[in-house]
Amino acid sequence: MEHNRSSQLFQQAKRSIPGGVNSPVRAFRSVGADPLFIKRASNSHIYDADGNCFIDFVGSWGPMIVGHCHPQVIQAIKQALENGSSFGAPTELETTLAEMVISAVPSIEMVRMVSSGTEATMSAIRLARGYTGRDKIIKFSGCYHGHADSLLVKAGSGAATFGVPDSPGVPADVAKHTLTAEYNSLNSVRTLIAENSGQIACIIVEPVAGNMGTVPPREGFLEGLRDICTNEGIILIFDEVMSGFRVAYGGAQEVYGITPDMTTLGKIIGGGLPVGAFGGKREIMEKLSPSGGVYQAGTLSGNPLAMSAGIATLNLLKQPGFYQSLEEKSRKVAEGIAAAAKKAGYPIYSTRVGSMFCAFFSASEVHDWTSAAACDTAAFAKYFMAMLNEGIYLAPSQYETAFVSAAHSDSDIDLTIAAAEKSFKLIA
Ligand code: PMP
């Protein structure tokens, strides 16, 4: 498989864009290769600048749950575009999407749109601080909530891949308000709360962790967080930027039956356009400017193209049987990859929640960042390259989640499993 054109474009990009990319993990650093430059995508397939075609399990890192270029999404964007791409004034589309989000996500009574997941979590934390009058927050090691200063502490995703959980440029005075607990460990949370009694504004958590690979919450973990927050007057924030509309129409909170005080969303609700949102209890949300004093704003927030793409996508997700069929495809591909590893005598630890899955290069259980960090990332890199050569486009890091879309066909899944059988044999 030739990658000459991609490599050429990467060399050129590096002269004008830091590292040649606009988001670090795209650079393929941790797998020791040059990134593919993408020309186009359609349904479950993605095509690079050399004309190679891949079955895509990145899906733009989550948003493309109905596949690339779904005709209904394209139509909605085209129609919106013809009426103007941005006004900086309210539109009916914003209320339509807000109402769809409110009726879908159990904890959300009011919602504000922003333009990225980072803005959503950053704003949710400001609001939680403004509402409680407290400064400290608790996050979990290996969870990623975007790149706002206070959240780039022991973060997952690209921050984990690059080994810089504490980025230069984050003032110590800011980072000191961020306390870090261990995922799936209520005791680590209780210890922090005991040491900082009455000072914690919020606990922010990925209810299904997707940025240290895929790590499901253990039974009782989310319930325990809910109880602790209720007892201590702490705002519980579920960061569902990844899991929202992904693991179920109502997100992880629907699956696990736990109602947080606030929820952050992104990815899928923008249908592939830049969107984020944060919402929650009316009483909290009304503290937001202009109804309340906590400031938050955005030139392109709620812009009509993104709203239209989001509305069209959510309408597709509402079709009967959508999540059932996605679950079945996802089960097949994740179990198929796990079986392929076993057949080759290669130890992996396989996880999946709905259409999020991961093959950890570890012989033992992965349930938090410490166990995730123990994975054999060099072996993962070999597997990644072998899969790429077989036409399977996975996220280029052990610490990411694979996403299945409704566009993945039976034949895509069979081809992926066959590719995994070959790849594990090759690296075993
Ligand atoms: N929260 C979670 C759980 C995420 O997965 C991400 C992005 N992968 C973010 C927040 C940040 O979103 P964005 O990249 O749109 O800023």
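All ligand and atom numbering here is 1-based and tracks the order in the structure. Keep in mind that the numbers below use all heavy atoms, side chains included, and drop hydrogens, waters and symmetry copies. Quick caveat: nothing in here was measured; it's all calculated off a predicted structure.
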S.K.: With a cut-off of 4.0 Å, which atoms of ligand 1 are near a heavy atom of G146?
M.R.: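 Numbered from 1, ligand 1 contributes 9 (C), 10 (C), 11 (C).
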S.K.: Does E327 pair with R352 as a salt bridge, N-O distance under 4.0 Å?
M.R.: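 Result for this pair is yes, salt bridge flagged.
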S.K.: Which option out of S115, G117, A209, P63 puts a heavy atom nearest to atom 15 (O) of ligand 1?
M.R.: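 Among S115, G117, A209, P63, the closest heavy atom to atom 15 (O) of ligand 1 belongs to G117.
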S.K.: Does K136 use its side chain to pair, donor to acceptor, with the backbone of N196 at less than 3.5 Å?
M.R.: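 Looks like no, no N/O pair under 3.5 Å.
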S.K.: Among all protein heavy atoms, pick the one closest to atom 14 (O) of ligand 1 and tell me residue, atom and distance.
M.R.: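 Answer, as residue, atom name and distance: T118 OG1, 4.5 Å.
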S.K.: May I ask you to identify, for E206, whether its side chain, its backbone, both or neither come under 4.0 Å of ligand 1 on a heavy-atom basis?
M.R.: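 Looking at E206 and ligand 1, just side chain atoms fall under 4.0 Å.
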S.K.: Can you tell me the protein heavy atom closest to atom 5 (O) of ligand 1 and the distance?
M.R.: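 For atom 5 (O) of ligand 1, the nearest protein heavy atom is N211 ND2, 3.0 Å.
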S.K.: Going by atom types alone, do D34 and H3 pair a side-chain donor with an acceptor below 3.5 Å?
M.R.: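 Checked: D34/H3 side chains show no N/O donor-acceptor pair below 3.5 Å.
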S.K.: Tell me, which protein residue and heavy-atom name are nearest atom 6 (C) of ligand 1, and how many Å apart are they?
M.R.: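 Atom 6 (C) of ligand 1 sits closest to the protein heavy atom V241 CG1, 3.8 Å.
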S.K.: With a 4.0 Å cut-off on heavy atoms, is W61 in contact with ligand 1?
M.R.: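 For ligand 1, residue contact (heavy atoms, under 4.0 Å) with W61 is absent.
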S.K.: For F238 together with Y256, are the ring centres under 6.0 Å from each other?
M.R.: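 No, too far apart.
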S.K.: With no hydrogens and no angle check, do the side chains of R112 and Q296 hold a donor and an acceptor under 3.5 Å apart?
M.R.: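 The criterion, which ignores hydrogens and geometry beyond distance, is satisfied for Q296 and R112.
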S.K.: In terms of atom number and element, which parts of ligand 1 are under 4.0 angstrom from non-hydrogen atoms of S116?
M.R.: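 This gives 15 (O), 16 (O) as the contact atoms.
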S.K.: Counting only heavy atoms closer than 4.0 Å, does ligand 1 sit against the backbone of T264, its side chain, both, or neither?
M.R.: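 No part of T264 is near ligand 1 at this cut-off.
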S.K.: Give the residue, atom name and distance (to 0.1 Å) of the protein heavy atom nearest atom 7 (C) of ligand 1.
M.R.: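 Among all protein heavy atoms, the one nearest atom 7 (C) of ligand 1 is K267 NZ, 3.3 Å.
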S.K.: If the contact criterion is a heavy-atom separation under 4.0 Å, does E240 count as touching ligand 1?
M.R.: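 For ligand 1, residue contact (heavy atoms, under 4.0 Å) with E240 is absent.
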S.K.: What protein heavy atom is closest to atom 1 (N) of ligand 1, reported as residue, atom name and distance in Å?
M.R.: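 Looking at atom 1 (N) of ligand 1, the protein heavy atom closest to it is D239 OD2, 2.6 Å.
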S.K.: Between H45 and S42, do the side chains contain an N or O donor and an N or O acceptor separated by less than 3.5 Å?
M.R.: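 Per modelled atom types, H45 and S42 side chains form no pair under 3.5 Å.
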S.K.: So E232 and R190, salt bridge (charged side-chain N to carboxylate O under 4.0 Å, His left out) or not? Walk me through it.
M.R.: CA-CA 11 Å; E232 302 285 336; R190 289 193 192 103; over 6 Å; no
S.K.: Between the side chains of R226 and E223, is the shortest nitrogen-to-carboxylate-oxygen separation below 4.0 Å, so that they form an ion pair?
M.R.: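 Salt bridge absent between E223 and R226.
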